[in-house]
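Since the model is a prediction, treat every value here as computed from it, not as a measurement. Below, read A as the first sequence line, B as the second, and so on, with proteins coming before strands; counting in each chain starts at 1.
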2 protein chains.
Amino acid sequence: MAPTPSTPGPAYAYAYPRPAVATDVVILRLHARGLQALLVRRGGEPFLGRWALPGGFLQETEDLDACARRETEEETGVRPGRILQFANFSRPDRDPRGRVISVAYLALIRAEDVRLEAGTDAAEAAWRGLDAARDLAFDHDLILASALERLSAEVRADPAFVLPLLPPAFTLARLQSAVEVVLGRPVDKRNFRKQVEESGRIVALDAFERGAHRPARLFASAPGPEA
Amino acid sequence: MAPTPSTPGPAYAYAYPRPAVATDVVILRLHARGLQALLVRRGGEPFLGRWALPGGFLQETEDLDACARRETEEETGVRPGRILQFANFSRPDRDPRGRVISVAYLALIRAEDVRLEAGTDAAEAAWRGLDAARDLAFDHDLILASALERLSAEVRADPAFVLPLLPPAFTLARLQSAVEVVLGRPVDKRNFRKQVEESGRIVALDAFERGAHRPARLFASAPGPEA
DNA sequence: ACAAAAGTGTTTTATATACACCCATGT
DNA sequence: ACATGGGTGTATATAAAACACTTTTGT
């Protein structure tokens, strides 16, 4: 989260109390054999030293989508392709400092694009496997769980939803693996290829990935509708 | 929308500017042969005299869901069964009075439960067919369109989503009609009955509705999972 | 008897699932 | 030649879609 708005600067006065408005972003990348969430370590009270989701307060000149995008880029150096506002968390007592409502976003980014392990914004940031991302500050356990639930639903409805996790050119094996990671279960290779090739969401490239085996055809996400 | 927070009461001061936070609620009921949205006529500037979605500012003691519920109940006298937060509208310039972010909700209510045509809150309120609900104040045309898009998607995924629009006991014909109204296209009667009866989302009652024709079996929404 | 809406099955089509072997390359 | 992952097809099961007549009541 961004720094507490408690420093005595120029005061902004209103006739009615107003909550502080922040976005918290569940930023996920694909690493080795699993999803990782970006967490930042809190440098102040409350929850000092605890891990939390990256987030920050809404600025005067941006809307909430832009705020979530900005936070994502600040923390990772990556401009996210798509973000999804999936819930809000706004219980009056969720932040002991005072009223802060959180509009929650999900951002999927390419691991390959990440420049820095820790962003410039937070004192410390780390990518954590989902099993290790527990006991977070505030209600962030809840936010993370809610994000994963929504992610799974989106991917069930459309496997191509995971595309932003992958590099511009990818093999079907990698796409399938991403889907399996998100769904938490294996999917049939032949059926998967049929579905995704017929979906029109990806296009075959005239390029191949080479390795200690037969070269694998590369694909890219199709332009237009959704990517 | 609720009154503008501009009266010079006790001032609330903050170190950083804060947006006002409101919920706007697309409240839909089923009337005759179509959906109607509840609109309220604005009693002040800006957009004086224009129709708008009901909405109001977040109170200190409630979360956003509660705010949307409260607004719905204030305007209609009906406690909505389910509400869905489907988007937010937060462009800095969306309200000429100043920064107001809107968290948008969809509420489906039973026409039969509505006590008052106009709620106590707004100067004037009216139910409008969706074709007539145009040229609304602020960005409310956009909010309404977005709500209807989401509603349609939900109903395609699960026809039982429309249940809150219906009375506690309803015929399959009325349920089907509600789905058709939302989707904007007819659905096959036999297929519809099969699907919905097998879905487990409704239960048959030992009661019938009588009219100038063969009595129709009444159903109720099933308890538990979703209703 | 007639009008009006309720209720009911089967066929066809599309989609989802299950399943196993050969292919192309690097070592 | 062997190891590694890439690539392919068919048969079955399930779900979706198309389609028309009989039943029950009120008038």
Electrostatic pair B:E154:B:R150 at N-O distance under 4.0 angstrom | yes

Estimated bend of the helix from C:dA1-D:dT27 to C:dC21-D:dG7 (axis per five terminal pairs, rounded to 10 degrees) | 10°

Acceptor/donor pairs from residues 189-199 of chain B side chains to any protein atom, 3.5 angstrom cut, sequence neighbours excluded:
unit_1	atom_1	unit_2	atom_2	d
B:N191	ND2	B:D188	OD2	3.3
B:S199	OG	B:V196	O	2.8
B:S199	OG	B:R201	N	3.1

Interatomic distance, CG@A:L151 vs CZ@A:F161, rounded to 0.5 Å, equals 6.0 Å

Can you tell me if B:E71 uses its side chain to pair, donor with acceptor, with the backbone of B:P54 under 3.5 Å?
-> no

Protein-proximity profile, nucleotides 15-27 of chain C, B/S/- by nucleotide at the 4.0 Å heavy-atom cutoff, equals --BBBB--BBBS-

For residues 165-172 of chain A, please give each side-chain donor-acceptor pair under 3.5 Å, one per line with the distance, not counting sequence neighbours.
unit_1	atom_1	unit_2	atom_2	d
A:T171	OG1	A:R174	N	3.1

At under 4.0 Å between heavy atoms, what does A:R193 touch on the DNA or RNA strands: base, sugar-phosphate, or nothing?
-> base

B:R70 and B:E74: CA distance, side-chain angles, deciding distance, salt bridge (Lys or Arg N to Asp or Glu O under 4.0 Å) verdict = CA-CA 6 Å; B:R70 176 176 57 76; B:E74 283 177 7; 3.1 Å; yes

Residues from residues 171-180 of chain A lying under 4.0 Å of DNA chain C - heavy atoms | none

Heavy-atom nearest pair, A:A222 first then A:G200, reads CB-O, 3.2 Å

So, the side chain of B:R50 versus the backbone of B:D135: is there a donor-acceptor pair under 3.5 Å, distance only?
-> yes

For A:L218, does its backbone N or O pair with a side-chain atom of A:E209 as donor and acceptor, under 3.5 Å?
-> no

A:F89 vs A:F86 aromatic rings, parallel, tilted or perpendicular, using cut-offs 30° and 60°?
-> perpendicular

For the atom pair CD1 (B:I27) and CD (B:Q36), what is the distance rounded to the nearest 0.5 Å?
-> 13.0 Å

Which is the 5'-most and which the 3'-most nucleotide of DNA chain D that has an atom under 4.0 Å from a heavy atom of chain A?
-> D:dT4 to D:dT10

Between B:S90 and A:L64, is there a donor-acceptor pair closer than 3.5 Å when you use the side chain of the first and the backbone of the second?
-> yes

